[in-house]
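Take a look at the structure set out below.
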Amino acid sequence: MKRYSMILPFCFIACINNVEESEAALDSRKTSSSQIQPRPLFVSSKSRADLLSPGPVQQISAGAQTFYFDSKGAAHGSFLLFNTSVTAQELASGSLAGKCVAGASSLAGHSWNGVTLQLNTAASNATQFYTCDGSNPNEPLSKTTKFARENLTGASGTSYYWVVLGYDKNYVLTHVSGLERFTLP
Amino acid sequence: MSLIRNILQPRALLVILTLLLTMKATSGGCECKSSSSSSSATSTPAPPPNPQINIANQYGPTATVAYEIWTGSNLEYRNGTVYGDNLTRAASLSTIGNGATQNSVTTISYDTAFLVVFGVLDGSTYVYITNKVVNNYKSTATFTLLANGTVN
């Protein structure tokens, strides 16, 4: 058993690679690279969390807007809304002041179902947005001040960006979406 | 007299009858062949026209959609790779503006399966990708990327 316990961590990575190679080898069909390639994830080497609606680059509704996503059953999650494009490095360093405008996160004690949030302060508390001022790198989201659709005050066509992050029970980042853009009507 | 008598023998009559029937059949066959050939030329259905594929973008305001068309069998698009047997790119990358329909992108031979890959552009990157596989396609039609991300 001692021997296996030393070998397994190395084998684990190797075995994963072998499985991937085997799947490709088993597919006897010809393959060709499409010119339409998926956008890289906001943080590379993580699993993909899906942003479902509003679709990328689409307009949100004029009234209350529900955001649909899928954090793939992650134990914890965060949804962050920005008024400009940000990088993964900026997010990791907590340099979000003036960029992060709203969000929700189970890490901040907000209710989190992993699939929906509503830009509507009249909605259930389970799916509320909270303001994000980014002044505290470790805790950018307010725990109490809610954020509504009318707080998005940009002119028609103004762009906002959103990202969903999923964490395991040990608060390690495991799932991430792309940083996707939507516009105001 | 002996010749006449021999001809009237049943065996000789049988041979003569066979010869006459063979001659009749040969000349008749020529007529049938000619007639048949003429009939075939008028009754064979014309080959079906090659289907024309049109692509439409109804994803939403300001969105530009790109697409590719591939032919083959067992077609599949997954993570930027197209899988299939006898894989051929039938239409290279093209883009369509918001609300536009592009006609006569390419023609696909009758009964050929094909795959259309749609990609929504944000700048130079594809932010949403979907695809549709069509088998045994026999007519002209339009494939539309709708606002909900599905292909109609």
Side-chain angles (χ1 to χ4, degrees), chain A residues 20-21 23-42 44 47-62 65-70 82 84-85 87 154-164 176-185, chain B residues 55 57-98 113 115-133 145-151:
Chain A
E20 288 173 350
E21 288 168 7
E23 284 177 353
L26 284 173
D27 198 330
S28 61
R29 293 175 294 178
K30 183 182 174 186
T31 63
S32 189
S33 182
S34 170
Q35 288 182 271
I36 299 176
Q37 293 289 320
R39 163 183 272 190
L41 295 176
F42 185 62
S44 61
S47 298
R48 183 177 293 274
D50 293 323
L51 305 186
L52 305 174
S53 179
V57 309
Q58 287 185 329
Q59 287 181 347
I60 62 169
S61 64
Q65 171 71 44
T66 301
F67 288 86
Y68 296 91
F69 52 93
D70 185 355
F82 304 97
T84 185
S85 180
T87 65
S156 175
T158 300
S159 290
Y160 286 89
Y161 298 79
W162 58 308
V163 66
V164 167
V176 64
S177 67
L179 179 71
E180 300 302 351
R181 181 171 67 91
F182 65 82
T183 61
L184 299 185
Chain B
I55 304 293
N57 170 12
Q58 292 182 13
Y59 182 76
T62 76
T64 298
V65 169
Y67 65 90
E68 285 177 333
I69 300 177
W70 298 77
T71 58
S73 53
N74 300 318
L75 291 162
E76 183 183 5
Y77 173 90
R78 195 167 67 232
N79 294 327
T81 300
V82 179
Y83 297 78
D85 297 322
N86 303 314
L87 199 56
T88 302
R89 192 196 307 260
S92 56
L93 192 70
S94 299
T95 58
I96 327 171
N98 172 44
L115 164 74
V116 186
V117 182
F118 294 86
V120 176
L121 278 161
D122 187 10
S124 60
T125 60
Y126 294 101
V127 292
Y128 175 74
I129 299 173
T130 189
N131 69 88
K132 187 175 185 70
V133 175
L145 179 61
L146 301 173
N148 65 6
T150 63
V151 178

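Lettering of chains follows the sequences in order, A, B, ..., and the numbering in each one begins at 1.
- Note that CG of B/N131 is 9.5 Å distant from OG of A/S34, once rounded to the nearest 0.5 Å.
- Looking at A/Q35, its side chain never comes within 3.5 Å of a backbone N or O of B/E68 through a donor-acceptor pair.
- The line from OG of B/S124 to CZ of A/R39 is 9.0 Å long, rounded to the nearest 0.5 Å.
- Heavy atoms of B/V120 lying under 4.5 Å from chain A belong exclusively to its side chain.
- Counting heavy-atom pairs under 4.5 Å between each of B/G60, B/P61, B/S73, B/G72 and chain A puts B/P61 at the top.
- Looking at B/F118, the atoms closer than 4.5 Å to chain A (heavy atoms on both sides) all sit in the backbone: N, CA, C or O.
- Ranked by heavy-atom pairs shorter than 4.5 Å toward chain A, the options B/V117, B/T125, B/L87 are led by B/L87.
- Of all residues in residues 178-185 of chain A, those placing a non-hydrogen atom less than 4.5 angstrom from a non-hydrogen atom of chain B are A/E180, A/R181.
- Between the side chain of B/Y59 and the backbone N or O of A/Q58 there is no donor-acceptor pair closer than 3.5 Å.
- For the atom pair CZ (A/R29) and CG (B/L75), the distance works out to 8.0 Å, reported to the nearest 0.5 Å.
- No other option in B/T62, B/D122, B/L121 has as many heavy-atom pairs under 4.5 Å with chain A as B/D122.
- Both the backbone and the side chain of B/T81 come within contact range of chain A, each with at least one heavy atom under 4.5 Å from a heavy atom of that chain.
- At a 4.5 Å heavy-atom cutoff, A/S53 makes no contact with chain B through either its backbone or its side chain.
- Of all heavy-atom pairs between A/I36 and B/Y67, the closest is CD1-CA, 3.9 Å.
- Interface remark: A/Q59 contributes side-chain atoms only to the contact with chain B (heavy atom separation under 4.5 Å).
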